[in-house]
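Chain letters run A, B, ... following the sequence lines, proteins first and then strands; every chain starts at 1.
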Amino acid sequence: MRRQLDLRTAKRHPMATERYNAREAEARWQAAWTKTKVFETDNDDPRPKYYVLEMFPYPSGRIHMGHVRNYSMGDVVARFKRAKGFNVLHPMGWDAFGMPAENAAMQNKVHPKSWTYQNIATMRGQLQSMGLSLDWSREFATCDLEYYTRQQRLFLDFLEAGLVTRRQSKVNWDPVDMTVLANEQVIDGRGWRSGALVEQRELTQWFLKITDYAEDLLTALDGLDRWPEKVRTMQKNWIGRSEGLRIRFEIAGNHAPAGQRTVEVFTTRPDTLYGMSFLALSPDHPVVKALAADNPDLAAFVDECHRMGTSVAVLETAEKKGFDTGLKVVHPFTGETFPVYAANFVLMDYGTGALFGCPAHDQRDHEFASRYGLAIRPVVVPDGVDPAAFSVADAPFLDDGRLVNSDFLDGLSVPDAKEAVARRLESVTLDGAPAATRQVNYRLRDWGISRQRYWGCPIPIIHCDDCGVVPVPKADLPVALPDDVEFDRPGNPLDRHPTWRLVDCPRCGKPARRETDTMDTFVDSSWYFARFTAPDADDPTIPAVADAWLPVDQYIGGIEHAILHLLYSRFFTRAMKATGHVSLEEPFRGLFTQGMVVHETYKAPDGSWISPAELRIEETEGGRRAFRLSDGAEVTIGSVEKMSKSKKNTVDPTDIIESYGADTARWFVLSDSPPERDVEWTDAGAQGTNRFLQRVWRLVTEAAAVIPPAAGAAPRSPEATALLKAAHKALAAVEESIEGLRFNVALAKIYELVNVLGSTFANDKARFQADPSFGPAFREALGILVQVMAPMTPHLAEECWSALGRDGLVALTPWPAVEPALLVEDEVTLPVQINGKKRADVTVPRDADAAAVEAAVLALDAVVKALEGKPPRKVIVVAQRIVNVVA
RNA sequence: GCGGACGUGGCGAAACUGGUAGACGCACGAGACUUAAAAUCUUGCGCCGCAAGGCUUACGGGUUCGAGUCCCGUCGUCCGCACCA
């Protein structure tokens with residue numbers, strides 16, 4: 001079969017070569033790179049550094065196309081920067097702790113550790129088959145004892161530095177995973193991993209004090225100019241800074257619960273104080289709790305609020321409900337009294353858990369007041385509107401305007417009124433203290449890191465009945481996970497291990513108990529980028545080395561980590577600075593969030609999803625139809641969606657690499673779509689890519705066989721110059737596009753170059769003999785082609801490099817220098833517009849002045865005809881661009 | 001509801017700071033080679049029109065010699081946040 005094919009090819013193409021055999025060549029070049037340790041990075045290399053990093057994967061079992069895209073992009077940058085003379089750090093590791101390993105343990109009776117390390121072995125092999133230029137000598141997994149020991153040390157350092165606290169708090173409890181979730185891990189009221197409805201529980205938890213850095217994390221966002229605006233906005237909103245006033249209200253009469261003479265609220269609208277008509281407390285507010293103790297109706301109301309879920313559906317439809325506590329508070333300026341409600345829409349963990357209601361200027365207060373028949377009194381009216389004619393009965397007025405009905409505030413703008421109220425209340429004394437203080441409030445909460453799981457980094461703490469909470473002395477680290485654990489029941493296996501938790505108190509020596517909570521896995525990924533700089537160091541980092549490598553120059557990953565991982569890592573870097581492990585604040589100088597790989601979906605007649613591998617597609621003029629291979633049944637072609645196991649619209653990278661080769665997969669995921677957008681995987685596209693790579697191979701090998709060896713320097717003929725111009729223009733364009741991470745554009749420029757070289761080769765072979773400058777020019781152009789392709793298709797590039805008879809590895813060859821003279825044309829062809837419409841072209845010398853261009857244009861037939869003998873009203877000449885004649 | 005991004009052929013897209021709209025790829029059509037198919041090569045391909053020519057960057061206005069690009073409005077899509085006082 002093979003032989004027959006070759007004979008036929010040979011018949012028509014005397015110089016024909018074998019088809020490029022990706023499988024064979026890729027394995028060979030990967031072995032060559034490994035053998036010569038091309039991608040192992042030396043910390044002492046004096047060249048300028050460049051740290052490129054892709055978000056490390058969770059070892060779920062197999063890599064998917066999303067990984068292929070992510071790592072292909074990073075590899076292009078790494079290989080390009082290496083060729084540009086940088087000392088490149090491009091490491092890889094595994095985000096290896098987490099729930100799925102425990103789920104596997106429960107379902108398949110396999111230990112989380114062996115499950116994880118087996119997956120890592122499989123996925124490492126898959127990544128290696130992609131030919132990524134990674135420094136595998138620095139590889140680690142976060143579940144390696146060597147890694148999490150250092151993480152425990154960081155935790156203890158943070159504890160000493162006051163960056164860790166332990167407190168009781170209401171937590172999001174995932175009843176399926178039986179663990180606590182951070183707010184960020186609750187999506188639409190459900191656990192981000194299990195999808196179970198989250199419950200509220202009171203637990204004692206460990207927290208990292210990220211709120212200490214709220215202001216800094218916010219303001220520093222402005223300096224991250226190489227981050228997507230979108231991500232910065234999301235973080236800004238997440239931190240949620242707001243400036244306002246804490247105001248204390250006096251409780252009227254003697255009805256207040258013991259010790260409570262005032263209630264404090266937080267407001268960002270102190271200007272609307274004269275529009276107040278009630279005060280609302282969270283159901284969890286201490287005053288409400290105290291009152292509920294001897295008020296069964298109020299207690300019932302509080303219970304009802306707790307039962308209300310937190311899901312979006314519930315919240316959106318939930319009506320504002322309140323319970324009149326019977327308390328009254330005194331208005332600080334007017335002395336009027338207002339009712340105090342417990343209300344379901346007031347959150348205990350924002351501000352003070354209490355607010356004053358101003359229905360005229362707040363949507364929620366408006367709804368609440370309408371329901372309970374409370375006064376709705378406007379105190380701000382739009383400029384130029386008659387206050388008497390202004391109504392807020394139907395909707396609150398939320399914009400800026402002019403104060404009315406507000407005594408000393410009347411006539412002021414909203415900002416001025418806020419300031420005036422703040423000043424006045426600060427000087428009013430209530431119960432021995434100012435009635436109000438200015439406050440900046442953040443939506444950001446401290447980061448609860450306790451997880452009631454086995455497969456995570458143990459929190460290095462010991463609980464002693466006498467000494468209380470005692471940190472594990474650093475000399476006693478690591479606190480290693482025990483291997484002998486059972487997963488026959490839900491909950492935390494560490495908690496029911498017979499001996500692991502039993503330990504003597506390091507302080508008093510009496511029997512004590514280990515903390516059995518482990519850390520949120522987001523802790524693991526908050527400093528791995530620093531550990532890569534010195535993966536074998538005894539300390540978490542070698543500060544001088546970390547400082548030399550960091551920040552990561554280009555970080556690439558999915559948008560799904562826009563808040564969680566990236567915000568935690570920014571905090572962690574600050575905390576590591578505070579504890580002397582690094583001396584910078586921002587870990588990621590450049591951030592790029594790549595789009596997903598999507599694919600068509602297919603449905604069988606019975607409604608079940610069908611995978612692309614189980615069907616064939618027929619393409620006709622009329623459209624596309626799909627049929628199931630097993631029985632020929634017609635399959636409905638559905639929408640294009642993110643690849644997912646549930647919809648079966650996945651393509652396994654290994655299948656692609658085995659049939660087309662890694663270079664085809666790499667090239668395809670970089671082509672067509674801009675990298676930040678989704679790319680649709682199609683088999684037709686993959687075949688097209690493969691055809692193109694074969695074409696390049698054919699061009700290089702056939703040309704190499706024909707081009708005569710160089711025989712001395714000859715002056716460049718116009719044809720040789722034209723060829724080199726095409727090559728150097730492509731070179732410059734590819735370079736610029738890769739710098740800007742516009743891989744799809746870089747690829748288009750390479751296609752153009754191949755088209756030029758291909759047609760020149762096909763049509764002008766005789767010139768190799770006639771023109772002594774043509775062969776060398778063609779050879780140089782092919783060399784440039786191979787080098788600009790090398791970051792994307794490194795294996796094919798090496799194979800071509802060697803076919804061209806060049807020395808060494810492309811991977812070690814410096815990026816070719818652009819010859820600037822080849823980028824400029826002697827003549828330029830300018831489009832000529834008449835009244836803004838293109839009517840002709842004019843070719844003039846590159847350095848022709850405006851007058852000469854104008855003269856040439858006015859002599860054109862089309863222009864003469866259009867002007868009908870009259871002089872032009874105006875002629876606009878834009879150098880090197882365009883000419884517009886206004887008739 | 002609030003905030004943000006985007007809207008260009010059959011499809012993915014390109015277009016430097018306002019200067020030839022549709023590069024490049026996919027799909028498709030025609031042709032060559034072949035007994036045939038695959039592969040390969042040549043060629044066509046925004047829309048209307050036989051042509052000359054006209055129209056065209058979601059839609060409607062505006063600024064400009066000139067607008068995909070800038071401004072205003074409308075419609076649509078996607079994403080993020082969401083009782084945050």
All N/O pairs under 3.5 Å across the protein-nucleotides 20-26 of chain B interface:
unit_1	atom_1	unit_2	atom_2	d
B:U20	O2	A:Lys838	NZ	3.1
B:A23	O2'	A:Glu752	OE2	2.3
B:G25	OP1	A:Asn755	ND2	3.3

inquiry  = Can you check the distance between B:C11 and B:A27, where both ends of the measurement are the C1' atom (answer in whole Å)?
reply    = 7 Å
request  = Answer with base, sugar-phosphate or nothing: what part of the nucleic acid does A:Arg677 contact at a heavy-atom distance below 4.0 Å?
outcome  = sugar-phosphate
inquiry  = Between P on B:A85 and CE on A:Met276, what's the gap in Å once rounded to a whole number?
reply    = 18 Å
request  = With C1' as the reference atom in both, quote the distance from B:G7 to B:U57 in angstrom, rounded to an integer.
outcome  = 9 Å
message = Give me the distance, rounded to whole Å, that separates B:G44 from B:A15 when you measure between the C1' atoms they each carry.
response = 24 Å
Would you list the protein and nucleotides 54-57 of chain B atom pairs, both N or O, that sit under 3.5 Å from each other?
unit_1	atom_1	unit_2	atom_2	d
B:C55	OP2	A:Lys837	NZ	3.4

task = With heavy atoms under 4.0 Å as the rule, sort A:Val346 into base, sugar-phosphate or nothing.
result = base
request  = Return the nearest nucleotide to the side chain of A:Ser673; candidates are B:A13, B:G80, B:A82.
outcome  = B:A13
request  = Would you check if A:Val231 and A:Leu566 make a side-chain contact, meaning some heavy-atom pair closer than 4.5 Å?
outcome  = yes
request  = Using the C1' atom on both, measure B:A51 against B:A38 and round to a whole Å.
outcome  = 41 Å
ask   = Yes or no on ring-ring contact (aromatic ring centres under 6.0 Å, His included) for A:Tyr341 and A:Tyr372, after CA distance, side-chain angles and deciding distance?
value = CA-CA 10 Å; A:Tyr341 283 81; A:Tyr372 292 101; 5.6 Å; yes
inquiry  = Taking the side chain as everything from C-beta on, heavy atoms only, tell me whether A:Trp227 gets closer than 4.5 Å to A:Gln235.
reply    = yes
ask   = Touch check for A:Asn884, heavy atoms < 4.0 angstrom, all strands: base, sugar-phosphate only, or nothing?
value = base
key: Distance, C1' atom - from B:G25 to B:A32, rounded to whole angstrom   = 24 Å
task = Tell me which nucleotide among B:C83, B:A15, B:C79 gets nearest to the side chain of A:Lys230.
result = B:C79
request  = Between B:U17 and B:C81, how far apart are the P atoms? Round to whole Å, please.
outcome  = 32 Å
key: salt bridge (charged side-chain N to carboxylate O under 4.0 Å, His left out) partners of A:Arg246, counting only residues at least two apart   = A:Glu264
request  = Give a yes/no on whether any side-chain N or O of A:Arg443 is located under 4.0 angstrom from OP1 or OP2 of B:A82.
outcome  = yes
ask   = Picking from B:A85, B:A13, B:A14, which would you name as closest to the side chain of A:Tyr350?
value = B:A85
task = Hey, could you give me each pair passing salt bridge (Lys or Arg N to Asp or Glu O under 4.0 Å) that has a residue in residues 733-761 of chain A? Not counting sequence neighbours.
result = A:Lys81-A:Glu739, A:Lys84-A:Glu735
ask   = Hey, does A:Leu245 have a side-chain heavy atom less than 4.5 Å from the side chain of A:Gln439?
value = no
request  = Report the stems of RNA chain B as range-with-range entries sorted by first number; a stem here is at least three consecutive pairs, Watson-Crick or G-U wobble, both distances under 3.5 Å, and write none if there are none.
outcome  = B:1-7 with B:75-81, B:10-12 with B:24-26, B:28-32 with B:40-44, B:46-48 with B:53-55, B:58-62 with B:70-74
ask   = Do other residues, nucleotides or ligands put more than 12 heavy atoms under 6.0 Å from the CG atom of A:Asp394?
value = no
message = In terms of relative ring orientation, are A:Tyr350 and A:Phe266 parallel, tilted or perpendicular, with 30° and 60° separating the classes?
response = perpendicular
key: Side-chain N or O of A:Arg698 closer than 4.0 Å to phosphate OP1/OP2 of B:U40   = no
query = What is the nucleic acid contact for A:Arg241, judged by heavy atoms within less than 4.0 Å: base, sugar-phosphate only, or nothing?
reply = nothing
query = Can you tell me if A:Asp284 uses its side chain to pair, donor with acceptor, with the backbone of A:Met348 under 3.5 Å?
reply = no
request  = Report yes or no: do A:Ser242 and A:Asn441 form a side-chain donor-acceptor pair below 3.5 Å?
outcome  = no
query = Do A:Thr829 and A:Asp841 have a side chain donor and acceptor closer than 3.5 Å?
reply = no
query = Where the side chain of A:Leu355 is defined as all heavy atoms beyond and including C-beta, which of B:C65, B:A85, B:C81 is the nearest nucleotide?
reply = B:A85
key: Any pair counted as salt bridge (Lys or Arg N to Asp or Glu O under 4.0 Å), so long as it reaches residues 231-245 of chain A, sequence neighbours left out   = A:Glu215-A:Arg241, A:Asp222-A:Lys236, A:Glu229-A:Arg232, A:Arg241-A:Glu243
ask   = Any cation-pi pair here, A:Arg19 with A:Trp697, using under 6.0 Å and within 45°?
value = no
message = Under 4.0 Å, counting only non-hydrogen atoms across every strand here, what does A:Val878 touch: a base, just sugar-phosphate, or nothing?
response = base
inquiry  = Suppose you measure atom C1' in B:C75 against the same atom in B:G61; what distance do you get, rounded to whole Å?
reply    = 15 Å
request  = With C1' as the reference atom in both, quote the distance from B:U64 to B:G18 in angstrom, rounded to an integer.
outcome  = 9 Å
